[in-house]
There are 2 protein chains.
Amino acid sequence: MARTPTTHDPFNAIAEPKRRELLELLSMQELSVNEIVARLGWTQPMVSKHLGVLKQVGLVSERRDGRQRFYRTNAEQLKPIYDWVAPFERYWNERFDRLDDILEQLKKQNKE
Amino acid sequence: MARTPTTHDPFNAIAEPKRRELLELLSMQELSVNEIVARLGWTQPMVSKHLGVLKQVGLVSERRDGRQRFYRTNAEQLKPIYDWVAPFERYWNERFDRLDDILEQLKKQNKE
DNA sequence: TTATTATATTCCTATATTGGAATATGTCAA
DNA sequence: TTGACATATTCCAATATAGGAATATAATAA
């Protein structure tokens, strides 16, 4: 009876804008925590905590090397979101306008 | 210092699976609250509350007629989500494999 | 071993949440 | 006006959250 945890699935994880920013950054390149801190200007614990959430839902993967940990985006985990939202594209993309017209005509023909 | 409200933006609004289900249902057709209750089998207050969240972020629109209220999905508000997630498609869609190869070659050529 | 560096975790507070039950509001009909 | 119907809102509980500060853990170097 509470909001679903952010660590439960990608939809909840990416609701936080900072985590979306992290995913964008780490899709270009693998970075260590301190490099992320330097680039984004957040506090180190803040970076670690958001990375922790993303790791739990599999949206980033971790590689350890000495005392450093390198993270990178695991984009495949975003597919469920894409798959859910993509079918709605037709509603704002004019590319589907002609198809809509055709479907309308078919409907009319069926009624006759 | 708390999680962003569900009514703040589409990303937070659709993190809840029941609201995604509502959006799918109401994209096919306009429905009254009671019709939604009948189709989904949820309690009436639950339906009204979720519709309230979706309405606040503009994801559904409302039409009043007598004592009934008809809702339908306003898909354009999903565009920010699509726009954010679509660039990641390349990471799981094999259609981009050849493009990746070409980019790799260009990188190599640049180094020379 | 001790100090230093890199990262993660804990403790705290303020704030929202979801769902259920009960109730309120609004609209129409008799 | 009164009753019935359609929908929204309030009150409650349990639970998580994000961020800040402080601290813990782990790995390396001196």
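Lettering follows sequence order; numbering is per chain, from 1. Note that the structure is a prediction, hence the values are computed from the model and not measured.
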For residues Arg3(A) and Asn12(B), is any side-chain donor paired with an opposing acceptor at under 3.5 Å?
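Note: Arg3(A) and Asn12(B) side chains meet the donor-acceptor criterion.
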Checking the side chain of [X] only, and the main-chain atoms of [Y] only, is there a donor and an acceptor separated by less than 3.5 Å?
| X | Y | result |
| --- | --- | --- |
| Thr73(B) | Leu23(B) | yes |
| Tyr91(A) | Ser27(B) | yes |
| Arg72(A) | Leu26(A) | no |

Residues from residues 19-40 of chain B sitting under 4.0 Å of DNA chain C, heavy atoms only?
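Going residue by residue through residues 19-40 of chain B, the ones with a heavy atom under 4.0 Å of DNA chain C turn out to be Arg19(B).
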Under 4.5 Å between any side-chain heavy atoms of [X] and [Y], yes or no?
| X | Y | value |
| --- | --- | --- |
| Leu22(B) | Leu40(B) | yes |
| Lys18(A) | Trp42(A) | yes |
| Arg19(B) | Val53(B) | yes |
| Thr43(A) | Val47(A) | no |

Quick check on the 6.0 Å ring-centre criterion: do Trp84(A) and Phe88(A) meet it?
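Close enough - the centres of the two rings lie under 6.0 Å apart.
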Round to a whole Å and report the spacing from [atom1] of [X] to [atom2] of [N].
| X | N | atom1 | atom2 | value |
| --- | --- | --- | --- | --- |
| Asn12(B) | dT18(C) | CG | P | 10 Å |
| Arg63(A) | dA27(D) | CZ | P | 15 Å |
| Arg3(B) | dA18(D) | CZ | P | 6 Å |
| Leu54(B) | dA8(D) | CG | P | 12 Å |
| Leu51(B) | dT9(D) | CG | P | 11 Å |

Does Tyr71(B) put a side-chain nitrogen or oxygen below 4.0 Å from OP1 or OP2 of dA6(D)?
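Looking at the OP1 and OP2 atoms of dA6(D), neither is under 4.0 Å from any side-chain N or O of Tyr71(B).
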Check whether any side-chain nitrogen or oxygen of Thr6(A) sits under 4.0 Å from OP1 or OP2 of dT17(D), and answer yes or no.
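It does, given that an N or O in the side chain of Thr6(A) lies less than 4.0 Å from OP1 or OP2 of dT17(D).
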Is it true that Glu62(B) and Arg64(B) make a salt bridge, defined as a side-chain N closer than 4.0 Å to a carboxylate O?
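Judged by the 4.0 Å cut-off on N to carboxylate O distance, Glu62(B) and Arg64(B) do form a salt bridge.
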Per-nucleotide protein contact string for nucleotides 19-30 of chain C (B base, S sugar-phosphate only, - none; heavy atom under 4.0 Å):
BBBB----BB--
Given the ring of Phe11(B), does Arg20(A) sit roughly above its face, with NZ or CZ under 6.0 Å from the centre of the six-membered ring and within 45° of the axis?
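Here Arg20(A) passes the 6.0 Å and 45° test against Phe11(B).
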Which part of the nucleic acid, if any, lies within contact of Phe70(A), taking any heavy atom under 4.0 Å across all strands shown: a base, the sugar-phosphate backbone alone, or nothing?
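It contacts nothing in the nucleic acid.
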5'-most contact on DNA chain D: Ala2(A) or Glu62(B), nearest heavy atom basis?
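Taking each residue's closest nucleotide, the earlier one in sequence belongs to Glu62(B).
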Taking the axis from the first five pairs and the axis from the last five, what angle separates them in the helix from dT1(C)-dA30(D) to dT17(C)-dA14(D), rounded to 10 degrees?
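Roughly 40°, once rounded to the nearest ten degrees.
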